[in-house]
Enquirer: 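The structure that follows is given in the form of structure tokens.
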Amino acid sequence: TIAFIRSAVPFAITTLLWVAYFNFDTFLLSLMSSSTEVGTYAGVYRIISVHYVLGYALVNSFTPQLFEHHEKHHSRFAWMARHLVFVTILVGVVLAMLLYFGSDVLVTTILGPGYARGVVLAQILSGAVFFRLVNQGLCEILTTSDRHGIRIWLESSLLAVNVILNLF
């Protein structure tokens with residue numbers, strides 16, 4: 001049991017960092033803005049975050065094969081990793097564009113006309129869909145190739161950059 005917990009700790013750390021990286025914006029905004037602005041941001045963020053489920057489904061469909069081929073067939077693993085990156089980039093671009101151009105309809109239909117000023121927020125956050133999808137793919141490649149240390153370093157760095165950019 002202890003060996004299992006020790007081996008799970010690096011993955012747990014990366015998961016916590018990943019969640020913190022993509023949810024730190026709302027926390028910082030709550031410190032710097034009114035509750036109305038935070039509410040608008042939170043509502044818009046929920047609309048955008050629904051699309052992240054597609055990223056989970058997409059990336060996790062590669063996971064079993066990546067794990068299987070990492071140890072046995074490095075060339076097959078590399079081929080699958082390249083395809084995973086290509087697919088996440090392609091789907092990320094398409095989703096981000098759909099969300100950007102459909103923000104007006106989505107925000108006013110789901111949240112109501114009183115949240116119309118959230119359209120600009122939705123357009124800005126639509127870019128996060130692209131980055132999150134690509135991040136999911138790259139992190140899955142690092143996880144399935146037993147490179148948790150690199151993933152922890154990468155996600156810690158991204159969290160630090162996110163905090164710095166949010167402070168500006």
Enquirer: Not counting sequence neighbours, which residues clear side chain to side chain contact (heavy atoms under 4.5 Å, CB included) with Val94? List them please.
Expert: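 Side chain to side chain contact (heavy atoms under 4.5 Å, CB included) check on Val94 returns Leu98.
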Enquirer: List the residues meeting ring pair (Phe, Tyr, Trp, His ring centres under 6.0 Å) with Trp79, not counting sequence neighbours, and say none if there are none.
Expert: His83
Enquirer: Mind listing the side-chain donor-acceptor pairs of residues 137-146 below 3.5 Å, one per line with the distance, residues two or more places apart or on another chain?
Expert:
from   : atom 1 : to     : atom 2 : distance (Å)
Glu140 : OE2    : Thr63  : OG1    : 2.5
Thr143 : OG1    : Cys139 : O      : 3.0
Thr143 : OG1    : Arg151 : NH1    : 2.6
Thr144 : OG1    : Glu140 : O      : 2.9
Thr144 : OG1    : Ile141 : O      : 3.2
Ser145 : OG     : Ile141 : O      : 2.8
Ser145 : OG     : Leu142 : O      : 3.3
Ser145 : OG     : Arg147 : NH1    : 3.3

Enquirer: Whether the side chain of Thr109 engages the backbone of Leu106 through a donor-acceptor N/O pair (distance < 3.5 Å, no angle test) should be reported.
Expert: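 Looks like no, no N/O pair under 3.5 Å.
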Enquirer: Restricting to pairs with a member in residues 96-119, which pass ring-ring contact (aromatic ring centres under 6.0 Å, His included), not counting sequence neighbours?
Expert: none
Enquirer: Applying side chain to side chain contact (heavy atoms under 4.5 Å, CB included), can you list everything that pairs with Leu95, at least two apart in sequence or on another chain?
Expert: His51, Leu54, Val91, Val129, Leu133
Enquirer: The criterion is ring pair (Phe, Tyr, Trp, His ring centres under 6.0 Å); which residues satisfy it with Phe77, sequence neighbours excluded?
Expert: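 Per chain and number, Phe77 pairs via ring pair (Phe, Tyr, Trp, His ring centres under 6.0 Å) with His70.
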Enquirer: Where is the tightest heavy-atom contact between Val59 and Gln136, given as atom of each residue plus distance?
Expert: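 Shortest heavy-atom separation between Val59 and Gln136 comes out as CG1-O, 3.6 Å.
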Enquirer: Can Arg117 and Thr40 be said to form a side chain to side chain contact (heavy atoms under 4.5 Å, CB included), step by step?
Expert: CA-CA 8 Å; Arg117 66 181 199 199; Thr40 300; 3.9 Å; yes
Enquirer: Who are the side chain to side chain contact (heavy atoms under 4.5 Å, CB included) partners of Asp104, not counting sequence neighbours?
Expert: Thr108, Val119
Enquirer: Hey, which of Ile89, Leu90, Thr88 is the one that makes side chain to side chain contact (heavy atoms under 4.5 Å, CB included) with Phe86?
Expert: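 Going through Ile89, Leu90, Thr88 one by one, the side chain to side chain contact (heavy atoms under 4.5 Å, CB included) with Phe86 is satisfied by Leu90 alone.
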Enquirer: Output the rest of the hydrophobic cluster of Ile124: all Ile, Leu, Val, Met, Phe, Trp and Tyr residues reachable through side-chain heavy-atom contacts under 4.5 Å, sorted by chain and number.
Expert: Val120
Enquirer: Kindly check if the number of other-residue, nucleotide or ligand heavy atoms within 6.0 Å of CZ (Arg46) is above 12?
Expert: no
Enquirer: Identify the heavy atoms of Phe62 and Val87 that sit nearest to each other, and give their distance.
Expert: CZ-CG2, 4.5 Å
Enquirer: Please step through side chain to side chain contact (heavy atoms under 4.5 Å, CB included) for the pair Leu99 and Ile48, ending with a clear verdict.
Expert: CA-CA 8 Å; Leu99 289 169; Ile48 298 296; 4.2 Å; yes
Enquirer: Closest approach of Val107 and Val44, non-hydrogen atoms and distance?
Expert: CG2-CG2, 4.3 Å
Enquirer: Tell me, please, which residues at least two apart from Ser61 pass side chain to side chain contact (heavy atoms under 4.5 Å, CB included).
Expert: none
Enquirer: On a heavy-atom basis, which atom in Ala96 and which in Ser126 lie closest, and how many Å separate them?
Expert: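 Looking at all heavy atoms of both residues, the shortest contact is CB-O, 3.3 Å.
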